[in-house]
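Before any comments, here is the structure.
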2 protein chains.
Amino acid sequence: MGDMGEKDLMEDAPGAGPGTAPEPRWLGDDEQRVWRAYLHATTLLEDHLDRQLQRDAGMPHVYYGLLVQLSQAPRRRLRMTELAKSAKITRSRLSHAVARLEKNGWVRREDCPSDKRGQFAQLTDEGVEVLRRTAPGHVAAVRQAMFDRLSPEQVTQLGVIMRVMAEGLEPAGPDADLPWLR
Amino acid sequence: MGDMGEKDLMEDAPGAGPGTAPEPRWLGDDEQRVWRAYLHATTLLEDHLDRQLQRDAGMPHVYYGLLVQLSQAPRRRLRMTELAKSAKITRSRLSHAVARLEKNGWVRREDCPSDKRGQFAQLTDEGVEVLRRTAPGHVAAVRQAMFDRLSPEQVTQLGVIMRVMAEGLEPAGPDADLPWLR
DNA sequence: GACTCATCCTTGAAAGTTGAACTATCTACG
DNA sequence: CGTAGATAGTTCAACTTTCAAGGATGAGTC
């Protein structure tokens with residue numbers, strides 16, 4: 001949480017001489033306040049949703065997101081790697097997660113015929129049922145935390161801002177896998 | 001991640017009759033896009049900072065935040081509960097975290113003289129040193145992900161928005177511990 | 001075909017988190 | 001005092017996440 005207050009610790013070398021590490025560009029007071037508000041709000045919301053879903057659906061938010069992704073995919077299934085990408089998690093993490101969801105009976109694994117290394121994760125009927133049962137509560141929680149409290153303009157602004165930030169963080173940016181082209 | 005697509009699953013009971021569960025207020029397309037952008041950006045950023053700090057400072061973002069909090073406290077120390085509150089984590093989590101940080105030599109525990117149940121977590125000199133060494137990189141990462149990409153207006157907007165959201169999530173709101181007063 | 005290298009996914013161990021149970025202490029009140 | 005109930009912090013077990021390693025298959029090349 002309250003990050004970036006490091007300035008206090010670093011009131012040294014104001015007139016950085018030659019051969020000195022460049023004085024980092026600290027955050028101004030305003031920026032610091034924004035950054036703290038950001039951390040504060042995002043952690044509170046994530047915690048809130050995690051608890052809400054753990055209580056009502058018996059799984060953390062990330063797992064819920066996986067089921068949602070599957071529910072929207074053709075035939076309710078996705079290759080593991082696709083699912084991992086769209087959920088922004090590592091394949092390793094996904095493996096564990098799917099194993100758990102499979103135990104719950106909400107997801108089933110299927111071999112990919114065209115690529116013997118491949119696996120599909122498919123949402124089961126029970127998985128669909130869990131979503132049907134718990135989605136309303138989840139939507140309500142999101143609405144209550146975000147959309148019911150922000151003006152339409154603010155919602156728009158938030159959307160723009162988040163897209164800008166995401167762009168800058170996209171796994172090493174556009175052409176990440178083609179560094180030799182830059 | 002891509003949450004809220006549940007609408008697809010629930011195109012039932014449009015004209016909810018009497019005795020029917022109220023049709024939940026789904027998110028509209030715009031709201032859905034904003035929500036996804038939000039999830040996308042926040043998880044990417046948190047992952048990014050976690051990796052950055054794990055690599056450069058040998059600890060996750062949350063732990064780093066704890067050190068920062070301590071660095072700003074009088075005598076560089078805080079009661080466990082205070083620290084937990086300001087970092088928005090549970091006392092349990094904090095116990096584990098401080099144990100780990102103590103092993104690293106960055107934090108030291110001290111008994112509270114006035115309350116024998118109490119403990120202070122105090123930042124050690126080595127803890128200060130870690131911050132001094134790693135803060136610039138961390139600030140740079142934050143700047144690069146957020147402040148360098150947003151216009152001043154957007155930064156302001158973001159601050160307002162995040163404060164509004166945080167308010168609504170503040171542990172049961174103002175007077176949470178005084179429900180009988182409402 | 002046989003190599004080499006990339007890709008798909010899983011595994012196991014270590015690290016971190018959670019929620020409930022537990023100890024010790026404090027506070028209030030009769 | 002003495003007892004009931006709150007508070008501070010830790011601990012345990014179950015669970016989740018990460019990181020590094022590994023097995024299997026695919027794709028390109030000679």
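Here is how names work: the chains are called A, B, and so on, in the same order as the sequence lines, proteins then strands, and each is numbered from 1.
The separation between L101(A) atom CG and dC15(D) atom P is 14 Å, rounded to whole Å. The interatomic distance linking M80(A) (CE) with dT10(C) (P) rounds to 4 Å, in whole Å. Computed from coordinates, the I89(A) CD1 to dT10(C) P distance equals 12 Å when rounded to whole Å. Nucleotide dT18(C) holds its P atom 13 Å from the OH atom of Y63(A), rounded to whole Å. Between the P atom of dT17(D) and the CG atom of D47(B) lies a distance of 11 Å, rounded to the nearest Å. Between the P atom of dA6(D) and the NZ atom of K116(B) lies a distance of 23 Å, rounded to the nearest Å. Rounded to whole Å, the distance from CZ on R109(B) to C1' on dG9(D) is 9 Å. Spacing between atom CG of L49(B) and atom C1' of dT17(D) amounts to 17 Å, rounded to whole angstrom units.
The base of dG12(C) sits within donor-acceptor range of the side chain of H96(A), with an N or O pair under 3.5 Å. Taking only distance into account, the side chain of T81(A) never meets the base of dC9(C) through a donor-acceptor pair shorter than 3.5 Å. Judged by distance alone, with hydrogens and angles left aside, S92(A) brings no side-chain donor or acceptor close enough to the base of dT17(D) to form a pair under 3.5 Å.
In terms of position on DNA chain D, the residue among P113(A) and Q54(A) whose nearest nucleotide sits closer to the 5' end is Q54(A). Summary of the strand contacts: S95(A) and R100(B) both lie near DNA chain C, and taking for each the nucleotide with the nearest heavy atom, the more 5' one is attributed to S95(A).
By the 6.0 Å contact criterion, CZ on R75(B) is open, its count of non-hydrogen atoms from other residues, nucleotides or ligands being 12 or less.
Across V160(A), V34(A), L158(A), a single residue satisfies side-chain contact (heavy atoms from CB on, under 4.5 Å) together with Q154(B), and that is V160(A). Of the listed residues (V130(B), L94(B), L70(B), V107(B)), just one forms a side-chain contact (heavy atoms from CB on, under 4.5 Å) with L101(B), and that residue is V107(B).
No side-chain donor-acceptor contact under 3.5 Å links E126(B) and T124(B).
For the OP1/OP2 pair of dG19(C) and a distance below 4.0 Å, the side-chain nitrogens and oxygens of R51(A) include at least one atom meeting the criterion. OP1 and OP2 of dA24(C) both lie 4.0 Å or more from every side-chain N or O belonging to R117(B). Side-chain nitrogen and oxygen atoms of R79(B) include at least one within less than 4.0 Å of the OP1 or OP2 phosphate oxygen of dG9(D). Between R91(A) and dC9(C), a side-chain N or O to OP1/OP2 separation shorter than 4.0 Å is absent.
Between the CG atom in L83(A) and the CD1 atom in I89(A) there is a gap of 6.5 Å [rounded to 0.5 Å]. Annotation: the span from D148(B) atom CG to R25(A) atom CZ amounts to 5.0 Å, rounded to 0.5 Å.
Side chain of R117(A) to backbone of C112(A): no donor-acceptor contact under 3.5 angstrom is found.
Residue contacts shown for F120(B) are absent, as no nucleic acid heavy atom lies under 4.0 Å away. No contact: R55(A) has no heavy atom under 4.0 Å from any strand.
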message: Show me the dot-bracket string of DNA chain D, counting Watson-Crick or G-U pairs under 3.5 Å, with | for pairs to another strand and [ ] for crossing ones.
response: ||||||||||||||||||||||||||||||
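By the 30° and 60° cut-offs, the orientation of the rings of Y38(A) relative to W35(A) is parallel.
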